[in-house]
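In what follows, a single structure is set out as structure tokens and then discussed.
Below, all heavy atoms of this structure are taken into account, side chains as well, without hydrogens, waters or symmetry copies.
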Amino acid sequence: MKKIKTVFSAFKEIHRLEKRLLPTSIVVAIVTAVMPFINIWFTSKIIDLLDGGTSMSDLAVYIGLAVGINAVLFFINYFLGDIYFMFRSLMYNKELQNISAKLFKAEYQKLESSDFKELIHKHSEAQDRVFSSFVQFSWMMRDFISGAVTLIISVIIIIPLLKIGFTKTGDTYFESPVFLLTIFGAIAIMAVIILIVATQMNKAWFKAGDEYSRLDRIFYYFLNMFSDYNTGKEIRLYKEQNLIEHTATDKLLTDGEKLLKKASLHTAKSSSFVAILGALVGFGIYLFIGVKGLYGLFGIGSLVLYCGSFMQIINGIMKMAVTFGKTAEMVPLVNYYFKIVNANDNMTYGEKELDLSDKFEIEFKNVSFKYPNTENYALQNINLKICILYTSDAADDFNLKINNGEHLAVVGRNGSGKTTFIKLMCRLYDVTDGEILINGINIKEYSKESIIKLYSVVFQDFKIFSTTLAQNISANEEYDKERLYDTLDKANIKDRVLAMENKESTYLYKDLDKSGVEISGGEAQKLALARALYKDSPVVILDEPTAALDPVAENEIYNRFNSFVDNKTAIYISHRLSSCVSVSYTHLRAHETLMNLV
């Protein structure tokens, strides 16, 4: 029942994505089913005309009609095939757009979840393997309808033969109705066997594909690394080719080959069995029709008509059975899509708005946090309250109050939880225990937009996109040019931008524009700083903002730190105490998870 519900949901989604696809598929299916019978019927009639000594003119009429109708149907079939391809492509693009829109809107903690990442990869790998589960469902529907129409037309055509078959014409087994019942029984058994075999084959392919996707993920990780010239230096200087080949390529070719070979061998055996079974049933059909024809119960033309129609019954049943069997593979694949687009965000937001023009305070109240599916706490018992001086008597607690306009530093060892602290402050994650307050109100009661407006952040793993420099800074198509260059000046990269041929309209990197400019890591970091300033939020958070800068540029940033952040509240993240000489307050305390808050 669950599979049936998923199948209906899939067709409902197909219709929502592209309303014209399913009707077009139905028409294509009907035309495809009708076409073989035109040749079968006209061939039988032409044979009857030849056998009866008809005139050349009558013969020419039938031949002309056969050619004309075939030509029309071929034209309709190919025309609708092209239309179907267009609608299918539109639906596929909308499917990708749906996935992209979901990923754009999904909360950060879901994107960082290993389970969700695995789900995304399985969906991507399935698309590479079967193109699109929705496209496959449209093909399956087309084949099923085509098979059903074929079966109906065939049964209608052979009704006179069935009347003869169910009439006893002699004393032998082949002349009794039992022989016809035996043939129908064999066809029914064959249909059931094909259904079972097809289901098992598709389950085997799904299982193999699911296991293969794990190896495929490793392979494509390294493949993407190869295409990134930034990794080329380490790969060559450290001779990492052999390691990568062993880790990715060899595993894909050995373990992957075993998986696919096992599935292919199973498919080959099953297909061979179905082919032998079909041949035996076909032999029985020809024997039945031949015996009846031998006794003169119908003419040569009818013999051709019945043979062709009876074999079309087998083709129709096989199409329908294979379609049913394929659902065993397609249902899990389409579930990947539904799990992604229907994934619910765990975070809820209130409707309170922050008044950013007035003073405000941010307070961590006994906050502890551990990442999903982990046992160890990344932060534990964090209390940010009461001034700048260390006043806590507890071994694992310390207190700090962040007032508007103050410049503070968070200093700690690598892995001590500094970036996690910022993620919680920006509400990219919710705390495990305790609460974060803004102006004494739980952060969960504020709107999402209020929290976004509150912070400008430069993370240590920031991203500069392959768009224009202005779009990177303003995060928009439109921008304030004066404000843009003011932030570029504060980030100490204005002169570099002015030296570019297209100034702020210059594309960065060459991914989207062959004339794009390659910038250094230090320049990219300055642009990230400029982007944070352009946003003009009251709280600026800098996570290792000088990590990629040379000593001279780093010193320049330090010297200009106070003017850089103006009168905004600034939180400076670093693992070096020497980096914090320019902040307003300094406090050092060794803490197990978050070493220093200053």
Is a donor on one side and an acceptor on the other found under 3.5 Å between the side chain of [X] and the backbone of [Y]?
X: S132; Y: F134; value: yes
X: K102; Y: A343; value: yes
X: N335; Y: V331; value: yes
X: S456; Y: K535; value: no
X: N342; Y: F338; value: yes
X: N472; Y: F465; value: yes
X: D480; Y: R483; value: yes
X: T374; Y: K370; value: no

What are the two closest heavy atoms between [X] and [Y], and how far apart are they?
X: I99; Y: Y337; value: CD1-CD1, 3.6 Å
X: E112; Y: Y371; value: OE1-CE2, 4.1 Å
X: I473; Y: R531; value: O-CG, 3.5 Å
X: S368; Y: Y377; value: CB-CE2, 3.7 Å
X: K503; Y: L498; value: CE-O, 3.1 Å
X: C426; Y: I541; value: SG-CD1, 4.0 Å

Atom pair [atom1]/[atom2] of [X] and [Y] - distance to nearest 0.5 Å:
X: M330; Y: T327; atom1: CE; atom2: OG1; value: 9.5 Å
X: I382; Y: D433; atom1: CD1; atom2: CG; value: 12.0 Å
X: F462; Y: L527; atom1: CZ; atom2: CG; value: 8.5 Å
X: L529; Y: N492; atom1: CG; atom2: CG; value: 10.0 Å
X: N439; Y: I362; atom1: CG; atom2: CD1; value: 9.0 Å
X: K94; Y: L21; atom1: NZ; atom2: CG; value: 10.0 Å

Review point. Given I443 and V431, is the side chain to side chain contact (heavy atoms under 4.5 Å, CB included) satisfied, shown in steps?
Key: CA-CA 10 Å; I443 194 172; V431 301; over 6 Å; no
Salt bridge or not between [X] and [Y]? Use side-chain N to carboxylate O under 4.0 Å.
X: K526; Y: E523; answer: no
X: D430; Y: R427; answer: yes
X: K365; Y: E363; answer: no

Side chain proximity check, [X] to [Y], heavy atoms < 4.5 angstrom:
X: T348; Y: K444; value: no
X: W139; Y: Y84; value: yes
X: V457; Y: S537; value: no
X: I422; Y: F459; value: yes
X: M425; Y: I436; value: no
X: V517; Y: R496; value: yes
X: Q109; Y: M347; value: yes
X: K490; Y: T487; value: no

Review point. Please walk me through it: do L90 and R20 pass side chain to side chain contact (heavy atoms under 4.5 Å, CB included)?
Key: CA-CA 10 Å; L90 288 173; R20 297 166 293 185; 3.7 Å; yes
Check your understanding: Would one find more than 12 heavy atoms of other residues, nucleotides or ligands at under 6.0 Å from atom NZ of K352?
Key -> no
Check your understanding: More than 12 foreign heavy atoms under 6.0 Å from NZ of K339: is that the case here?
Key -> no
Exercise for review: State whether a side-chain donor-acceptor pair under 3.5 Å links S113 with D115.
Suggested key: no
Check your understanding: For N98 and I340, what are the C-alpha separation, side-chain angles and deciding distance, and is it a side chain to side chain contact (heavy atoms under 4.5 Å, CB included)?
Key -> CA-CA 10 Å; N98 261 16; I340 293 171; over 6 Å; no
Exercise for review: Report the C-alpha distance between S447 and Y349 in whole Å, list the side-chain angles of each, state the deciding distance to 0.1 Å, and finish with yes or no for side chain to side chain contact (heavy atoms under 4.5 Å, CB included).
Suggested key: CA-CA 5 Å; S447 68; Y349 293 86; 5.6 Å; no
Check your understanding: Regarding K423 and the six-membered ring of Y429, is the cationic atom NZ or CZ under 6.0 Å from the ring centre and inside 45° of its axis?
Key -> no
Check your understanding: Can you list the residues that meet the salt bridge (Lys or Arg N to Asp or Glu O under 4.0 Å) rule with K481, with sequence neighbours excluded?
Key -> E504
**Study point:** Derivation and outcome, ring pair (Phe, Tyr, Trp, His ring centres under 6.0 Å), residues F421 and F364
**Key:** CA-CA 10 Å; F421 166 72; F364 277 52; 4.8 Å; yes
Point to revise | Y446: partners by side chain to side chain donor-acceptor pair (under 3.5 Å), with sequence neighbours left out | key: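 By the side chain to side chain donor-acceptor pair (under 3.5 Å) rule, Y446 matches no residue at all.
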